[in-house]
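Single-structure report; data block below.
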Amino acid sequence: MENFILIFHFLVAVFLIGLILVQQGKGAEAGASFGAGGSQTVFGSGGSWNFFSRMTAILSTIFFVTSVSLAVIAKNKTVVDADLLPEMEVIPFETPIDTDVPAVERRSEPGSEIPQ
């Protein structure tokens, strides 16, 4: 199954690249270089989708789905051996040591939380 998805993913990528290279850019007419395309917006005039733009959207969606599915398959195939992981040390809990240093006492005056 993985090989089928991988081959399909490769074919979709090749077709997507070819389809993008075949398309003509917005404002790429002959008059656009001489200032005739000034009435269009920055990314070209808005209009209905043609065959190339629909196929680009469909192929890019298929490419995205196959990419995610290949990532999930690769993740599920990954096995981590317990022998390769380092052992965690068990640190015993120690009781506090008695010292001559006095503990810091906190003075709290009722009604005032601002230090002076």
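Every heavy atom of this structure was used, including side-chain atoms; hydrogens, water molecules and symmetry mates were not. The structure displayed is predicted, hence computed values, not measured ones.
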Roughly how far, to the nearest 0.5 Å, is CD1 of I20 from CZ of F15?
14.0 Å

Minimal non-hydrogen separation, S69 against I5, with atom names
OG-CG2, 3.7 Å

Hydrophobic cluster identity match, F51 and L59, side-chain contacts under 4.5 Å
yes

Identify whether V22 and L16 are in the same connected component of the hydrophobic contact network (ILVMFWY, side-chain heavy atoms under 4.5 Å).
yes

Enumerate the salt bridge (Lys or Arg N to Asp or Glu O under 4.0 Å) contacts for residues 1-17, please, sequence neighbours excluded, ordered by first and then second residue.
E2-K77

F63: which residues meet the ring-ring contact (aromatic ring centres under 6.0 Å, His included) condition with it, sequence neighbours left out?
H9

Can L70 be reached from F64 by stepping across I, L, V, M, F, W or Y side chains whose heavy atoms are under 4.5 Å apart?
no

Side-chain cluster (under 4.5 Å, hydrophobic types only) that V65 belongs to, other residues
none

Using the rule that two of Ile, Leu, Val, Met, Phe, Trp, Tyr join whenever any of their side-chain heavy atoms come within less than 4.5 Å, decide whether F52 and I58 are in one cluster.
yes

For the CD1 atom of I7 and the OG1 atom of T66, what is their distance to the nearest 0.5 Å?
12.5 Å

